[in-house]
Amino acid sequence: MPTLSKSPCDLLQLTVPHPSPLPHVRTDEIMQQEVRPLLAVDVIEQLHRQFALLSGGRGRDGAPIITMPEYLGFNDLSEEDFLNVITYLTSVPSQEAASIGFIIIMDRRRDKWAAVKSTLARIAGAFPGNLQLVLVLRPTRFLQRTITDIGIRLHRDDFKMKVVMLSSLSDLHSYVDAAQLTSDLGGSLEYCHSQWIHHRTAIESFAVTVKTTAQTLHRFGADLAETELPGDVQSARELLSDHTEKHDTLQVGAGSPVGWEGVRCPGAKTSRAYRWDNATVVERLVAQLDETESSFEQFWSKHHLSLEQCLQLRHFEQDFQEVTGTLGCLAEELVAILDFGDSVEGVEQLLKDLKDLEEKAQVKIFEEASHGDQLIQSNHYAADAIQSMCAELRHVCDDFVSKTERKRHALEKSYQIHEKLDKMNKWCESGVYLLAAQAVDRCHTQEGAESALRDVQAFLEVAEQQQLADPKDLEVQKMFEKRQASLTRLSTKHTRPVQPVAPHPESSPKHSTSITQRSASPGKLQCEPISVLLESAVTCGILHIMNELIETERLYVEELRSIMQGYVAELERNEFSHLVPAALEHKKEVLFGNLFEIYEFHNRTFRKELENCIENPELVAGCFLKRKEDLKMYEKYCQNKPRSEALWRQCGECAFFQECQKKLDHKLSLDAYLLKPVQRITKYQLILKEMLKCSNNSEDTAELEEALTTMLDIIKSVNDSMHQIAITGFAGDLKNLGKLLMQGSFNVWTEHKKGHSKVKDLARFKPMQRHLFLYNSILLFCKRREEVSEGHEKTPSYSFKHSLQMSEVGITENVKGDNRKFEVWYNGREEVYIIQAPSADVKNMWVSEMRKVLTEQLEACRGAELRWRAGTGGAPPACSRFISHLDPNPLQIGLLQPRFEPPFL
């Protein structure tokens, strides 16, 4: 059977349900169909035949009237065409009118009983609606009328519907008011079939448009609701722009539904009831569309606000990271500011720098905190997170201000010390001039001696008046005491004049540093000859080591400069271009690596910082700690060294290098100078060890030990990276494995539970030589190979064999019978690797490092599980799912317990 048709409003029922984020929109009976209804365009050809029509007339009880005018080709109609038209016509009236029941008027006045019978049979067999009455204008010719009367009596019960045979139009008017009938049935109802078809098509087109618009709004709303908020500024900005553009485009498209003009003008030749029904349908369509659009706009407003607040939050987070990074830099600058200066002016400058630093920090923090407060006051959805970040900023600010205050207090104390030292120096300087200016001939008399004595005593009182530190240990004080004693004797007893004595050069104003020596200890004045300090430093050997460090650093920089100017620069000039071999073209980076970067760092930064420590050797350890990350550039240089040496072996004997060496007057060839960076990075740790031997200060010793550990770590990292780049055959990218923690060669035995027993026995007695590389996430097993080049040293390479994921590994620290062995087992001891180290110390280092890796994995897993259980995570962590299927034996739980067995096993 054909698909059941519905009214134009019923088309809206094909729209998808409202997505959850949109507010609820009221629906009624016209929004319930899930099946596509039959439309006028589907039966347009059959409608134009006009064998059945819906004029808009109604019975006395409001029942819709379907008219079947005389149609010569009625018997030729197919059952499908007849049923589709009748089905469509019964779907046009409202459900309220259709529930009353339809009245069918059949005009068969010029037809025969056979036509009447076949039509009634068709109606009785497949009328899709509630049929109230069938009125038949029977044939008017005598014979056909008689046959019809007889036939209807015989077959009335077969039709199973109420059929009334009418002889004339007046009989028809007794059942239906003439005002509800068209002119061909003696009525006054205006009806134009072509206009009716046109208007029905327009209404249904409008309904389809309204339905499509509603569906589009719902789909767009569902897409918006399912969108996850992005985690960075760029993505948030792009998402906001994209959604706004789609919304504006959708709003323009939904502004004026197609077919609206045709619906508004149903035509003059239509019945009042028909126009009323259609107006009701259109009003309902428009009302539902307006309600859907209004609901969507409410949802869009909230969604748009969320996107804008998300963008604001990402901007705030980005600014927060920048501010915290800036504060970190300012904190480093704060640490770099000394707690004392070398003069009053120096301390004043340090105090000014400190004030500028504090103002910068407070401005940055104030701006960011104000921004956060504005977001919180605007009812931002992430107000709690913003409040937390603002609180953290203020805490950092308070901490920074506290450190600044301590630094300011120390500098102010240093300022007072330097101010007193300046006063004392001026006092000493004045005293020297006073002693030198006293004329000996004036002391010949008692009066002259007494006058000179009064000058000396007045000068000594100045120190007490100015509250200078106790000057008893000063050379000037001793000179005055001697002069005072001499003048006292002269004033009481005359002797021959004393020869004038000029002040010793060391006591002159030009050598005031020998008179007073400024102590680095705030609040205490210590004045002693500089020779004593120098003697102490020389005794310890610090100055000798510092001189060696700085002189060798200067020489190293000069050697690097000669390489850059004498070789690298010449490669780019035309003078020797004809001597450059083809193998060297475009391979400058291969031969020299990042030598220019190393040269720039030492020339512009590191050498100058070391030179600044010549008078304060205790600061040299800080230079190495401060430049720890910069010194890691040697790792890149050493990794490139094998390629550089290989290229040198190809073209090292060419005329270009010989000419450059001759021009530089170097006694050694370039390859010897290219080895200098490798030698230099290993030299620093030797110098630090020597300084450590001469250090007596516990604080300086601790810092030197930290610097020495740092340099040893850098050398180890360089050495490990040289081994790592020699790995071949590994399918992944070694850079993605992170930092190489340990590497070394071992004897390895393997056992497999699923393997053949003979394989097990052989594995026990025949060890494999393997080079192991340990990372946080993986353990690599490689086979060491020696590649020998003619006339050169052996170059090791490591052929990758297999790997073990550290997340699946467990260890047994001790193996019976050999304290150099330990076990690494995999997949619950299905695979066991017995590893023998060269020594017990090496074994202990590896076991300790592997235990540390496994413990960190355990802590990370426990943290993830706790977050999941607290409801802050998404899906349960992988370790939780793994744990739930395991026996709670500590040796089997894997990710829940540390995967290493205690030593007594």
Derivation of the side-chain contact (heavy atoms from CB on, under 4.5 Å) call for Q743 and N719: CA-CA 10 Å; Q743 57 84 24; N719 184 50; 3.8 Å; yes

Verdict with reasoning, N814 to N819, per side-chain contact (heavy atoms from CB on, under 4.5 Å): CA-CA 7 Å; N814 290 331; N819 64 353; over 6 Å; no

Flag side-chain contact, heavy atom, 4.5 Å: Q724 against Y775: yes

Contact summary for Q805 and S777, nearest pair of heavy atoms: OE1-O, 3.2 Å

Any Y637 side-chain heavy atom under 4.5 Å of V718 side chain: no

Spacing of CD belonging to E548 relative to CD1 belonging to I687, to within rounding of 0.5 Å: 5.5 Å

Q234 side chain to E238 side chain, donor-acceptor N/O pair below 3.5 angstrom: yes

Passing candidate, side chain to side chain contact (heavy atoms under 4.5 Å, CB included) with L780, options I727, L774, L772: I727

Side-chain ion pair, K628 and E706, N-O less than 4.0 Å: no

L737 side chain near F730 side chain, heavy-atom distance below 4.5 Å: yes

Audit row: M389, T324, side-chain contact (heavy atoms from CB on, under 4.5 Å) steps and yes/no: CA-CA 11 Å; M389 286 188 279; T324 52; over 6 Å; no

Atom pair CG (L779) and CE (M806), whose distance is rounded to the nearest 0.5 Å: 6.5 Å

Euclidean distance, D671 CG relative to K676 NZ, rounded to 0.5 Å: 11.5 Å

More than 12 heavy atoms of other groups within 6.0 Å of K801 NZ: yes

Separation of S235 OG from L311 CG (nearest 0.5 Å): 10.5 Å

Main-chain N/O of E705 paired with T709 side-chain donor or acceptor, under 3.5 Å: yes

Pairing of D398 and R394 as salt bridge, 4.0 angstrom limit: no

N-O pairing of K626 and E332 below 4.0 Å: no

Residue pair I715 / I681: nearest heavy atoms and the distance that separates them: CD1-O, 3.7 Å

Neighbour count >12 (heavy atoms, 6.0 Å) for atom CG, D384: no

Distance (rounded to the nearest 0.5 Å) between F596 CZ and I563 CD1: 13.5 Å

K716 side chain to M742 backbone, donor-acceptor under 3.5 Å: no

Note, L375 side chain near H371 side chain (heavy atom, < 4.5 Å): yes

Student check: side-chain heavy atoms of Q309 and L313 closer than 4.5 Å: no

Derivation of the side-chain contact (heavy atoms from CB on, under 4.5 Å) call for K683 and Y556: CA-CA 11 Å; K683 178 71 173 177; Y556 176 55; over 6 Å; no

Aromatic plane relationship, H602 with Y684 - under 30° parallel, 30 to 60° tilted, over 60° perpendicular: parallel

Donor-acceptor contact present, side-chain N594 to main-chain M633, <3.5 Å: yes

Lys/Arg N to Asp/Glu carboxylate O, R862 vs E859, below 4.0 Å: no

Heavy-atom check, side chain of S745 versus side chain of H771, under 4.5 Å: yes

Over 12 foreign heavy atoms within 6.0 Å of CZ, R643: no

Pairwise distance SG(C329) to CG(L334) - rounded to 0.5 angstrom: 12.5 Å

F800 to C782 - nearest heavy-atom pair and separation: CA-SG, 3.8 Å

Test item: S644 side-chain N/O and N640 main-chain N/O as donor-acceptor pair under 3.5 Å: no

N747 and Q769, any side-chain heavy atoms less than 4.5 Å apart: yes

Within-4.5 Å side-chain heavy-atom neighbours: L804 and Y833: yes

Residue among Y826, F781, F773 satisfying ring pair (Phe, Tyr, Trp, His ring centres under 6.0 Å) with H802: F781

Over all atoms of both residues, closest heavy-atom pair of L708 and Q685: CD1-O, 3.5 Å

Least distance between heavy atoms, A583 atom then Q650 atom: CB-NE2, 4.2 Å

Main-chain N/O of F320 paired to E368 side chain as donor or acceptor, under 3.5 Å: yes

Presence of salt bridge, R680 and E553, under 4.0 angstrom: yes

Check: E856 side chain, V853 main-chain N or O, donor-acceptor pair, under 3.5 Å: no

Main-chain N/O of E322 paired to T326 side chain as donor or acceptor, under 3.5 Å: yes

Nearest non-hydrogen partners of C390 and A369, listed with the distance: SG-O, 4.1 Å

